[in-house]
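Residue numbers start at 1 and run along the sequence shown. Both backbone and side-chain heavy atoms feed into the values below; hydrogens, waters and symmetry mates do not.
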Amino acid sequence: MSDAKNLLVLHESAAGYALFEVVSFDEIGALLEGAMDAITDLGKFSRAIKLKAFQPFESAEDALSNINAVSEHSCTDSLHNFLEMNLPKIKKKKEGKAPSFALG
């Protein structure tokens with residue numbers, strides 16, 4: 001796992017943006033068949049991943065513009081605001097110090 005305290009995953013779908021927090025993750029066994037079963041089993045998956053935040057798109061046009069921006073490696077204002085509201089705040093920016101979270 002990452003050296004950060006929290007591992008956060010941003011998921012973009014046709015419905016909107018979702019931010020998940022990874023509670024438990026075993027990197028070593030991630031490619032084993034047992035790990036794949038844990039992903040497809042809702043009970044096991046819900047113990048490992050927690051929904052932190054969700055922002056639905058306002059319309060189909062909004063969804064399309066956001067997915068196009070993501071595919072072009074661009075950040076829309078709505079995505080920026082969503083991340084700014086839901087990512088942990090960094091108290092003081094010190095040189096050379098990484099934030100206490102990671103995005104995966």
Side-chain angles (χ1 to χ4, degrees):
M1 188 158 161
S2 163
D3 291 336
K5 293 179 184 176
N6 299 333
L7 177 63
L8 302 171
V9 178
L10 177 67
H11 176 72
E12 192 259 337
S13 69
Y17 291 116
L19 189 64
F20 294 94
E21 183 174 2
V22 178
V23 177
S24 65
F25 177 71
D26 186 12
E27 254 183 81
I28 295 171
L31 299 177
L32 299 176
E33 191 170 322
M36 297 300 170
D37 292 339
I39 292 172
T40 57
D41 180 17
L42 181 60
K44 291 178 184 177
F45 184 76
S46 64
R47 286 191 297 271
I49 306 291
K50 300 293 180 198
L51 178 64
K52 187 169 173 68
F54 180 75
Q55 177 180 325
F57 293 128
E58 295 177 7
S59 65
E61 291 83 16
D62 186 34
L64 183 61
S65 68
N66 274 274
I67 198 165
N68 284 337
V70 168
S71 71
E72 295 169 0
H73 307 286
S74 179
C75 183
T76 63
D77 289 338
S78 62
L79 175 58
H80 184 269
N81 293 336
F82 173 70
L83 292 174
E84 195 171 71
M85 279 186 349
N86 294 297
L87 288 177
K89 305 292 184 251
I90 300 173
K91 292 180 183 176
K92 217 177 204 185
K93 192 170 185 177
K94 295 181 182 177
E95 287 187 35
K97 185 173 180 182
S100 63
F101 59 89
L103 296 176

**Item:** Heavy-atom closest contact (Lys52 atom, Asn86 atom, distance)
**Value:** CE-O, 3.3 Å

**Prompt:** Do you know the tightest heavy-atom contact between Asn66 and Ser78?
**Reply:** OD1-OG, 3.1 Å

**Complete:** One should read off an interatomic distance between Leu79 CG and Leu10 CG, to the nearest 0.5 angstrom, of 6.0 Å

**Prompt:** Under 4.5 Å between any side-chain heavy atoms of Ser65 and Asn68, yes or no?
**Reply:** no

**Message:** To check you understand the geometry: which heavy-atom pair defines the closest contact between Ala53 and Leu51, and what is its length?
**Reply:** O-CD1, 3.4 Å

**Message:** If I compare all heavy atoms of Ala63 with all of Ala14, which pair ends up nearest, and what's the gap?
**Reply:** CB-O, 3.9 Å

**Request:** Decide yes or no for Val9 and Ile49: does some side-chain heavy atom of the first lie under 4.5 Å from some side-chain heavy atom of the second?
**Result:** no

**Message:** For residues Val70 and Leu8: do they belong to one hydrophobic cluster (side chain heavy atoms under 4.5 Å, members Ile, Leu, Val, Met, Phe, Trp, Tyr)?
**Reply:** yes

**Request:** Could you label the plane-to-plane angle of the Tyr17 and Phe57 rings as parallel, tilted or perpendicular, counting under 30° as parallel and over 60° as perpendicular?
**Result:** perpendicular

**Donor-acceptor pair, side chain of Lys89 and main chain of Glu84, under 3.5 angstrom** = yes

